[in-house]
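Reading through the structure tokens given below for one structure.
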Amino acid sequence: MYRFLIRRTIVTSGVQRNNNNKLAKTVKSTTTQSKKRHKYSETILLPRTKFQVQLNGKERIEKDEYLTKKCGFSELYEWQRKHLPGPDFILHDGPPYANGTPHMGHAINKILKDITLRHKVVCGNRVHYVPGWDCHGLPVELKAIRNNAQVDPVEIRKKARKYAKEAIVKQKEAFQSWGVMADWSETGCYFTNRCSYMKNQLYQFVKLYEKGTVFRDFMPVYWSPSSRTALAESELEYNQQHRSKAVIIRLRVDNLPEKLNSFNNRMVYALIWTTTPWSLVANEALAFSADAMYSLAEDDKGNLNIVADELLKATELKVGPLRPVISFEGGELEGSMYFHPLKEEKKCPFLAARHVTTNIGTGLVHTAPAHGPEDFLVALENNIDVLSVVDEEGRYTEAAGSDFHGLEVLTEGVDKVLKIVARDALHVETITHSYPYDWRTKQPVLIRASSQWFIDINSIREKVVDSIADVKIYPRCNRTSFTNALLAGVKNRPYWCISRQRSWGTPIPVLYSKTTGKPFTNIELVERLCKSIDRYGPDCWWEYSVKELIGLDVFKRMNIAVDDVVKGKDIMDIWFDSGISWSIVPPEGKANLCLEGYDQFGGWFQSSLITSVALQECSPYSALFVHGFAVDENCLKMSKSVGNVINPEQLLLGGSNLEKNPIYGVDVLRWWVANHGSQNTQVPVSKNVLDGCKQCIHKLRLMLRFLLGVLHPYREVINFEPRYRIIDKHMLYLLYRYNEQMQQHYSNYEYHNAGKMITHFVANDVSALYCTLIKDRLYCDEIMSSSRIAAVQVVKEIFNVLVRTVAPIIPHLAEEVWLYYSESQASIPLHCTQYKVSESWNDPEFVKCMDVALRLRNNVLNIVDKNTWKLYGIVKATREDFCLLSTLHNEKQPSTSELCEILQLSSVTLIEDHTIDETQIQVHDIPKALCERCRRYPETGEESGLCLRCTEVLGKDKSMAAVA
């Protein structure tokens, strides 16, 4: 790096005068100069524009609404479809729920999508974007039934449809108010409850069924008693503060393994630990680890107890002293039996199982096949019947016995079991732990075996994993963790339950035999059902008979008696509803990009991936862009109960207390999203953050206003020949690099970096550097001078590039400033114009000499605290620096050279000094009067009070001279 030595010398001249004369002369001089300065002020070409400095309050609201209408925001999507060339950039919209008021999460998602699309359009590329809504599901159904569970399914569907439609209207209005580009008409959007969508979904279901990927079975699933339906893992949320009663219970062993025959004459118990005592009613086996070591340990009453060696001490702390008598391998327990904890006459087996560990508990695991996924697999491997003792309301069935029938298992059931087994319950405690809850009702769930429809993940797992290899995931720094999150649900589960026991959804198109329960479905049945949907509407499955829906001829070909079948009552999981959208919305079933919150790795990202691989053997997207969730200033999740929710509408329109909740406008909301919503899992929103965003927008607005003012057409220019100075060429080079880096940030979805670059470029390269250095040329040169025209031309290029690079993020400000641009032909909005950065700008030839000059200027500014035009400088340069600076300095014009312009000194003397190692500069006060017009040191024309340049300007421009 260069280091410069600066010496400041104050030079005085003339004869000393007494203080009174000096004061009088100063007053007189100041008055005279003030009059003369006023006389020439009209000859200065100051920026002129009607573009407002700022818009606040209702004026901001009115301007946003005006720009939306004036600049064709609603027509943009259709315009670009007609006028821009393909191929399409396809952004597939993950549909939000048709439920609830638009919130900050909606704003983050929709605005990030819009920034992505607007960037493509500004670059001249056509986009394909169809906004959608997930209309089915329990949240909407619960609003429809209002706790009245006995409502007829058809009535539920009518009310749910009405509620969803009303919610969509509100959300659509909000999305449009944020400037989101789309065809918002009914035909321009997709809805999962629309007939055409449902029919496609039915076809995709039957395709999966005929491929064998979809099947029906009796298996344990997550069950929500509060919702009375099966749930997928993605519909769970884990309550970390759930409290459960946990028990260590002893089960009397009937026969010991051969190695322990010598203890057959003693009372031997197997110790188990469980956090679900209610499931002991359904106990069918005890699982052990064949590889673990177990102890036969004696308690203080002389009883022997089987416990894993590694857990013996932990168990002792709860049940009392346990003295190990003998140790043996778990495999020795094979063939042993024990007595059921609640049915003394029933004997159950010890079974080896891979899921048993010695990390917690006792090393022996109570097994209830109907109420645990691992338990179920153990039962299948050992041909044990799977009996569910819990009904859809979460109560014991008759199969549980008279003592338990009708009791709610998670509450009354736990207490009843513990009461009956009290004699063998060695330790009961209440623990706080993570437990799955229904994410909609916020109530605990349980695992319950029932007949459900499943997608066989095992059959497609490898293809799903392989399909992710070519999918790009943004932010790129999180690719590994996000990929693992996406595949976690695929690697860790053998099947996906896609049936739900509700009314508001797409029906599973299956008929069941009344006598055997066997399911029937095929493509012909589905085709007939789809025709019935066209004829009768989306509720026909619930309104019409099988005969009316399907037709007798189909039953004859299927060799089924129409009187022996009944329609299924299940609907499809809403994740299947939305997950199948790739098959109807994106052309050819694949999108360039899907953009959603990180929670969708277990939701829509995953359901789309699974169904797509199952049906078309590839991923439905080429890239994923993942964003975070809005939190308050304390990083707490926004919640109505906490009272920290911020409504986006409040940011646009203000709150009841405008001092506390001011009107920010659309641009501030969008700037916040771009700068905070694209890189972190938590997106903070607070008044301080929003005020910071507002300040950024204001500074950008001021810079754009200055650029507009410079571009004011003082005079029509025809066939001009600009004479570019080195600083102009350097600025064009910086502009080229800025645009290049901005395009990279946009292409990589690094909108926070785009925002930072805009702010830095405007504050430093444009404002502090170029615009500051060319002001003298802009204000004081002749209107038609080739050097001034060059500066104006560069400003024009800066304006064009800057407006287009900010337009994707803040289109309202971009369109507003474009309306005031003299060359914009105001009838054509910015987004309808094209512009291309010239490759000729990419010329770094003068970077080195500019670096030297700018370092000199920075050093001058560090030591001088007044207007540098009142100073002149002497530069003693090293040989290398002298060569570089000479390209900027013409010795014949020491006060008008480019080096003077860059250093902002009235004149510069450049000297090559071979004796120094570092370039030095001395600055001095100017001993003579400054030019009364440009306030620079005059080389000539001292008698007139004007410098040569200003004299020539006024001489050529008679109108200016007349004013003077």
Side-chain angles (χ1 to χ4, degrees), residues 1-2 115-116 118-120 122-125 474-476 671 674-675 678-679 696 699-700 703-704 706-707 710-711 722-774 777 790-810 814 817 830 833-858 884-885 887-888 898-899 901-902:
M1 290 182 62
Y2 294 95
I115 293 172
T116 302
R118 283 182 179 273
H119 168 248
K120 299 296 181 183
V122 169
C123 292
N125 301 319
Y474 301 91
R476 291 182 292 184
W671 187 264
N675 286 272
S678 62
Q679 76 274 28
C696 289
K699 290 179 179 178
L700 180 57
M703 189 68 254
L704 288 169
F706 176 81
L707 298 178
V710 171
L711 296 174
R723 180 171 58 83
Y724 291 103
R725 291 190 163 196
I726 290 176
I727 181 65
D728 302 325
K729 296 177 182 179
H730 182 67
M731 185 64 236
L732 290 175
Y733 172 70
L734 295 179
L735 186 61
Y736 182 92
R737 293 293 305 277
Y738 161 78
N739 182 73
E740 186 178 52
Q741 291 174 321
M742 283 294 294
Q743 300 313 314
Q744 290 178 359
H745 289 323
Y746 276 123
S747 297
N748 293 327
Y749 312 110
E750 296 172 350
Y751 301 143
H752 59 297
N753 286 334
K756 291 176 183 176
M757 172 150 281
I758 291 169
T759 302
H760 181 274
F761 179 71
V762 168
N764 295 280
D765 294 338
V766 178
S767 179
L769 177 62
Y770 188 69
C771 289
T772 298
L773 300 187
I774 64 169
R777 207 190 325 168
V792 172
Q793 185 65 24
V794 173
V795 168
K796 177 182 176 182
E797 304 297 0
I798 294 172
F799 177 82
N800 272 288
V801 172
L802 187 57
V803 170
R804 284 172 169 80
T805 53
V806 303
I809 298 175
I810 42 177
V817 74
L830 168 67
T833 64
Q834 292 187 355
Y835 178 84
K836 189 174 182 180
V837 169
S838 173
E839 287 296 324
S840 64
W841 301 353
N842 187 23
D843 183 3
E845 177 184 354
F846 301 106
V847 169
K848 287 186 177 181
C849 68
M850 284 299 301
D851 283 346
V852 175
L854 292 175
R855 288 182 189 129
L856 268 177
R857 170 157 172 76
N858 287 337
L884 293 170
L885 293 175
T887 61
L888 298 167
E898 291 195 52
L899 186 58
E901 183 176 40
I902 295 169

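Worth saying up front: this structure is predicted, and the values here are computed from it rather than measured.
To the nearest 0.5 Å, atoms CD1 (I774) and CD1 (I902) are separated by 12.5 Å. Atoms CZ and SG, from F706 and C771 in turn, are 4.5 Å apart once rounded to the nearest 0.5 Å. L700 CG to S767 OG: the interatomic distance, rounded to the nearest 0.5 Å, is 11.0 Å. Note that OH of Y770 and CE of M731 are 8.0 Å apart. Values are rounded to the nearest 0.5 Å.
Between Y749 and Y751, the ring planes are perpendicular. Angles over 60° get that label, and only those under 30° would be called parallel.
Remark: side-chain polar atoms of N739 are not paired, donor with acceptor, to backbone N or O of L735 under 3.5 angstrom. Distance alone, capped at 3.5 Å, is enough to place a donor-acceptor pair between the T805 side chain and the L802 backbone. With hydrogens and angles disregarded, no donor-acceptor distance shorter than 3.5 Å links the side chain of Q793 to the backbone of P722.
Applying side chain to side chain contact (heavy atoms under 4.5 Å, CB included) to I758 and the options N753, I809, N675 leaves one that passes, I809. The side chain to side chain contact (heavy atoms under 4.5 Å, CB included) test with R857 is passed by exactly one of L769, V852, T772: T772. If you run side chain to side chain contact (heavy atoms under 4.5 Å, CB included) between K796 and each of I798, V792, N800, only N800 comes through.
Remark: R777 engages D728 in a salt bridge, criterion side-chain N to carboxylate O under 4.0 Å.
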